Chemist: 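Can you read through this structure? Questions will come right after.
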Amino acid sequence: MMNTEMKSALLRVMPFIIIFFVLVLQIKKGKISGHDLLLNKPSSGNRFLGWVICFLIFVLLVEFVLFTTGILETDPWKHPFLPSVIRILGAVILAPIVEELIFRGLFLRMLLKRKLNLHLAVFIQACLFVLLHSFTYQNSLSSNIGIIQSFTDALLFGYARQHTQSIYTPVAMHITGNFIATVERFIL
């Protein structure tokens, strides 16, 4: 019999696992191309590193300001070991990969293919990205800050994808942001 913590952890990561495998199958069947998702090396290693390092600095500065002003709210980590491992892998690895493939891979590509202006396309995908995150509907200071942070992140992810011509750049940025958010729950 599986305990509640384990069920909860698996339910959190299962959608990402399913979507990931569906995307892999679609690529193998030729219905989605790696080129469409920009599954290629960044156009420049320096651009890739520049985006990731600048994003890391940006996230750390934002979190520092929120923490020092007393606005940063984090729930302490209270999960048993195995469910924690599953949750952390889901939040730090699976979610960023799948969300980037969908939002900055498929969706942004679709918008740009329809000849939308780059800035409008990036704005639209950022709005959708925020709408599909649960904190959007909580109406608290913490969730409102989360909306602004996620929207800003999604804008940066979209521009990074375009600037480096690779999905790997926003994936690395997204992993960085989620890693920092996860670590905060252990140390704050």
Side-chain angles (χ1 to χ4, degrees), residues 4-6 8-13 15-16 42 45-104 108 119 122-164 166-188:
T4 310
E5 275 288 335
M6 193 62 145
S8 176
L10 289 171
L11 282 173
R12 282 183 147 316
V13 300
F16 295 109
N46 288 336
R47 284 184 181 180
F48 172 84
L49 282 175
W51 275 100
V52 175
I53 291 168
C54 287
F55 184 73
L56 171 63
I57 293 167
F58 168 73
V59 170
L60 290 174
L61 284 173
V62 167
E63 297 303 296
F64 176 76
V65 168
L66 292 174
F67 178 75
T68 57
T69 58
I71 297 174
L72 182 65
E73 293 179 18
T74 58
D75 296 326
W77 199 269
K78 297 178 183 175
H79 305 288
F81 179 75
L82 190 54
S84 289
V85 170
I86 293 168
R87 286 173 180 270
I88 291 168
L89 287 175
V92 177
I93 305 295
L94 279 172
I97 290 171
V98 170
E99 288 179 352
E100 291 311 312
L101 288 171
I102 291 171
F103 290 99
R104 268 59 71 180
L108 184 56
H119 306 296
V122 169
F123 178 83
I124 291 169
Q125 65 80 29
C127 289
L128 185 62
F129 181 74
V130 169
L131 286 173
L132 292 178
H133 283 78
S134 61
F135 57 75
T136 303
Y137 309 101
Q138 294 172 4
N139 197 24
S140 66
L141 176 61
S142 179
S143 65
N144 291 336
I145 290 170
I147 290 168
I148 294 166
Q149 284 179 308
S150 291
F151 181 75
T152 304
D153 291 352
L155 291 174
L156 293 171
F157 298 158
Y159 286 119
R161 173 218 189 253
Q162 283 305 108
H163 193 245
T164 63
S166 174
I167 199 71
Y168 297 126
T169 310
V171 167
M173 293 165 66
H174 200 149
I175 286 171
T176 300
N178 285 15
F179 176 76
I180 291 168
T182 301
V183 168
E184 285 176 343
R185 296 192 59 196
F186 287 94
I187 63 174
L188 297 180

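Here the structure is a predicted model, which is why all the values come from computation and not from measurement.
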Chemist: Take R104 and F129 through the side-chain contact (heavy atoms from CB on, under 4.5 Å) test and state the conclusion after the steps.
Modeler: CA-CA 10 Å; R104 268 59 71 180; F129 181 74; 3.4 Å; yes

Chemist: Using the side-chain contact (heavy atoms from CB on, under 4.5 Å) criterion, which residues pair with I57? Sequence neighbours excluded.
Modeler: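 With neighbours one apart ignored, the set is I53, L61.
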
Chemist: Side chains of S84 and W77: do they bring a donor and an acceptor to under 3.5 Å?
Modeler: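 Side chains of S84 and W77: pair found under 3.5 Å.
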
Chemist: Anything under 30° is parallel, anything over 60° is perpendicular, the rest tilted; go ahead and classify F55 against F58.
Modeler: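 Aromatic pair F55/F58 classed tilted.
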
Chemist: Side-chain polar contacts of residues 85-99 - donor-acceptor pairs under 3.5 angstrom, sequence neighbours left out - could you list them?
Modeler:
| unit_1 | atom_1 | unit_2 | atom_2 | d |
| --- | --- | --- | --- | --- |
| R87 | NH2 | S8 | OG | 2.7 |
| E99 | OE1 | H174 | NE2 | 3.2 |
| E99 | OE2 | H133 | NE2 | 3.3 |

Chemist: Indicate yes or no: at least one non-hydrogen side-chain atom of S166 is less than 4.5 angstrom from one of F48.
Modeler: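 Counting from C-beta outward, S166 and F48 never come under 4.5 Å.
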
Chemist: Could you walk me through whether I71 and I145 pass the side-chain contact (heavy atoms from CB on, under 4.5 Å) test, one step at a time?
Modeler: CA-CA 9 Å; I71 297 174; I145 290 170; 2.8 Å; yes

Chemist: Could you give all pairs that pass the side-chain hydrogen bond (donor to acceptor under 3.5 Å, both in side chains) test and reach residues 56-68, with sequence neighbours left out?
Modeler: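 Qualifying pairs: E63-Q149.
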
Chemist: Just list the side-chain donor-acceptor pairs under 3.5 Å for residues 180-188, sequence neighbours left out, or say none.
Modeler:
| unit_1 | atom_1 | unit_2 | atom_2 | d |
| --- | --- | --- | --- | --- |
| T182 | OG1 | N178 | O | 2.8 |
| R185 | NE | D75 | O | 2.8 |

Chemist: Counting only heavy atoms not in F123, do more than 12 fall under 6.0 Å of its CZ?
Modeler: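 Open.
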
Chemist: For P80, which residues count as a side-chain contact (heavy atoms from CB on, under 4.5 Å) partner, sequence neighbours excluded?
Modeler: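 Listed in chain order: E5, P83.
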
Chemist: Does A126 have any side-chain contact (heavy atoms from CB on, under 4.5 Å) partners at least two apart in sequence or in another chain, and if so, which?
Modeler: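 Listed in chain order: F151, A154, L155.
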
Chemist: Are R161 and F103 in a cation-pi setup, meaning NZ or CZ lies under 6.0 angstrom from the ring centre and within 45 degrees of the ring axis?
Modeler: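 Judged by the rule (NZ or CZ under 6.0 Å from the ring centre, within 45° of its axis), R161 is not positioned above F103.
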
